[in-house]
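Working notes, structure below.
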Amino acid sequence: MWDRYWHDFGIHRLRLALLRIGVFGVLAFDLWTNFIVHAPRYGAGGVNASQFMWLDTLLPVPTPAIVGAAWLLAGFLAARASFGIATRTSVVGASVIYVAIYVWNQADSYQHHYFLCLILLVLAAIPTEAWKSKAPASAGDGPPTNVSRTSGDARHWTIRMVYVSIALMYFWTGVTKANPVWLSGDTLYQLTASAENRAMMQAIGDTLGMEGTGVYRFAAWTVMLGELSAGLFFLWRKIWWLGLLIVPWFHVGVEVIGFEIELFSYYMIALDLILLAPRRLYEAADQGLETLKARFARLAGPRVEAIGPRLGLGVVAAGGAAACAAWTPYAGALGLTVGVAVFSLVAFVRPGGRPVWRVIGHLVAGACLAGCALGTSAPFDYYRLWAGDLKKRASSKPALMPEAIATYRAANRVTDGPARHFALGKLLLRDGDTAGALDAFAEGVRRHDAALAEAKTAVFREPTDAEAQYDLAERHAALASKYATFARAADRAGRSADAATHREKQAAHHRDGTDALKKAAELDRVNNRYGRIRRLLNGARP
Amino acid sequence: MRNVAIVAFLALQIGLPLSYYLGDTPYDERFAWRMFSPIRLIKCDVTLYDETGGGKTRLRDLAEMHVVWRNLMRRGRIPVVQAFARTWCSEAPDRKLTADLTCGPPDGRLVGICRRGPGDRNGDGVPDGYDDPFVCPDGDKAACFKADCGDKSARACHAERCVVRLIPADRDLCAEVR
């Protein structure tokens, strides 16, 4: 029974392919847009606490450049893995980097970081033969003979381990909740504290005929029982279909409620759907894909066996991917570029496959890496959080001030919208550079004015859109606050006429912000933003 | 060999979470799959003191460390306190660092005296935490208070039940990490 359960277990090769595409595709995006923002935490202040205390005195202190470059490289390898290029090397490379950084430092030690470690370790152990499982070949013109429905399945005990690992995770999360505190509903009550969530729970309670806190107790019991039983679906193939109907909704619910757990819900929804979907879906998809594959194979050109032309193509791939890596605006970009170039070139050393597709895949992976750097707020968040930490620590270590100023400048450079000009200006004032501070404030209000114009346009187009109205109120409130700071700085610089102008603008924006907030509240009173914008306006009162 | 690998990995996935329930570090949930646990909502109070040369100066957290370390200390992670001590203590000779790290008890959310402290702002003779329906579902606040604290005063009961000191206040952390 053990052998049958573990060593005779196979899944449709398309299911494994989709698992690879889904997990590593999301991982690449996660590393390039979420994780990279956390890189400046690593080694900040020279402090490092690894996941295991006995390692602390053995490991060096990490740096933002090393961790950032490593994560971005892992993302590149994950993208390659999702494209099916040098699959084993890419899977193992991405997994080793991720696990190493997780163990190195506790700065990112949520449960889902640990979960990714375990799943990646299991996926890294899947052998090449399993990743490359093929449909049974036919001897002549007809379909293959003497093959079963499951011939060509990907088979390995590590694939079973993916299912068992997820089952154990759900089981233990259920065990966590088998205690009086959770089952009272109090924890859920605290976790759903926003006005919108409270209204939603009230509505559910009314529908179910529950009074007071009863709906929270009911929900707590439901979650606990659901999690305890969710694991069973992953252990027994015959009830995968039932798990498919139930389990993903838990993670959808987590996102609806708005828990901040980064992309964990998306990993789990992808895993649940891919691993539990009926086999028939993959069989049907496989038939359609075989036709497409034949067409693309002709487009891909011949196999290239000679080392010279292969390496030539490798240089093209490595050059293109490395150029994309060099374009990323993070510390450690040089190391990243070298890593990307080396891994790209090595992928062309071994013969086999269609090198033209490999070149395209590398270029697309590189383009995605650069795209996430240039098309998201990740670089801005990376530098502003880094600068914020340096600013705080500069109050006890003044030697950090120049680095804080330089990092705020970097944050302001990587975005065109409102940035951290006022934070920079305040630091410059502390540093005695009043002229520089006033320039920073002027640029800051210019950018905020541009953002305000966009918010006004949005309200003009959709006057009944509450979120647009809240955006407008927030823009006005921010400008009122900025002009207050600008006025104080102008006073200090002896520019009283400018200070008076700034105070007039402060008053105007405070008035307009108050009006906009009132309109927004008429459209949607139960909105988390109301309190925050109200406080901002109160703080910027003339 | 592959069966050894299977058993070893399963042992890890069962043993690590189990060690949480059999161990005595309830605030460190890292490997126990404790998502959305009540422990997550417990905020510990941490204050670090520079007692070099016999004085006692409170360290300003965020002026000395990244906010992520301060937040992890506030989740009762003693190894993070020790890691900080290793760095801070090495910056100058003969430094002395002490820490006041206290957390609420793991079941504190259901104990009225721990929920909002010993204060009685509404003057009904029972600490305000017992006004909460999660704590006292049947509404008899005095009975719930007596069940939790017996004949003790609110202040004494709070000090005894609601404060878990994770690091003794007189422990010299620099001496430990040198």
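Below, read A as the first sequence line, B as the second, and so on, with proteins coming before strands; counting in each chain starts at 1.
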**Study point:** Residues B/Asp151, B/Lys146: salt bridge by 4.0 Å N-O rule
**Key:** yes
Revision key, fill the gap. Whatever's closer than 4.5 Å to a heavy atom in chain B on A/Val175 counts as both
Review point. Which word best sums up how the rings of A/Trp6 and A/Trp2 line up, parallel for under 30°, tilted for 30 to 60°, or perpendicular for over 60°?
Key: tilted
Check your understanding: With a 4.5 Å heavy-atom cut-off, do A/Trp157 and B/Asn3 have their side chains touching?
Key -> no
Revision key, fill the gap. Honestly, the part of B/Ile6 sitting under 4.5 Å from a heavy atom of chain A is both
Point to revise | Option in A/Asp186, A/Val181, A/Thr187 with maximal non-hydrogen atom pairs under 4.5 Å from chain B | key: A/Asp186
Study note, to complete from the structure: Bottom line for B/Leu72: the part with an atom under 4.5 Å from chain A's heavy atoms is side chain
Review point. Any idea which of A/Met53, A/His112, A/Arg160, A/Glu227 has the most non-hydrogen atom pairs under 4.5 angstrom with chain B?
Key: A/Met53
Exercise for review: Measure from NZ or CZ of B/Lys141 to the centre of the six-membered ring of B/Tyr130 and say whether it is under 6.0 Å with the direction within 45° of the ring axis.
Suggested key: no
Review point. Side chains of B/Trp69 and B/Asp61: closer than 4.5 Å at any heavy-atom pair?
Key: no
Check your understanding: Measuring heavy-atom distances to chain A, does B/Met65 have an atom under 4.5 Å in its side chain, in its backbone, in both, or in neither?
Key -> backbone
Exercise for review: Using a strict 4.0 Å threshold on nitrogen-to-oxygen distance, state whether B/Arg165 and B/Asp100 make a salt bridge.
Suggested key: yes
Check your understanding: Between B/Phe9, B/Tyr21, B/Phe31, which shows the greatest number of heavy-atom pairs under 4.5 Å with chain A?
Key -> B/Phe31
Practice item. Taking atom types as modelled, find out whether B/Gln13 and A/Ser165 have a side-chain donor-acceptor pair closer than 3.5 angstrom. Key: yes
Exercise for review: Under 4.5 Å heavy-atom distance to chain A, tell me which part of B/Ala85 shows up: side chain, backbone, both or neither.
Suggested key: neither
Study note, to complete from the structure: From the list B/Ile14, B/Ile39, B/Asp107, B/Leu59, the residue making the most non-hydrogen contacts under 4.5 Å with chain A is B/Ile14
Check your understanding: Is it the side chain or the backbone of B/Tyr20 that comes within 4.5 Å of chain A heavy atoms, both, or neither?
Key -> neither
Exercise for review: Look at A/Lys391, A/Arg217, A/Met161, A/Arg393 and state which one has the largest set of heavy-atom pairs under 4.5 Å with chain B.
Suggested key: A/Arg393
Exercise for review: Tell me, out of A/Tyr189, A/Tyr216, A/Tyr170, who's got the most heavy-atom pairs with chain B below 4.5 Å.
Suggested key: A/Tyr189
Review point. Going by heavy atoms in the side chains, are B/Arg109 and B/Val135 under 4.5 Å from each other?
Key: no
Exercise for review: Let me know if B/Pro137 has heavy atoms under 4.5 Å from chain A in its side chain, its backbone, both or neither.
Suggested key: neither
Study note, to complete from the structure: Looking only at A/Leu400, A/Leu188, A/Asn105, most heavy-atom pairs under 4.5 Å shared with chain B are made by A/Asn105
Check your understanding: Is chain A contacted by the side chain of B/Leu16, its backbone, both, or neither, given a heavy-atom distance below 4.5 Å?
Key -> side chain
Practice item. Please determine, among A/Phe171, A/Phe115, A/Phe264, the option with the most heavy-atom pairs under 4.5 Å with chain B. Key: A/Phe115
Review point. For B/Val68, is it the side chain, the backbone, both, or neither that has a heavy atom closer than 4.5 Å to a heavy atom of chain A?
Key: side chain
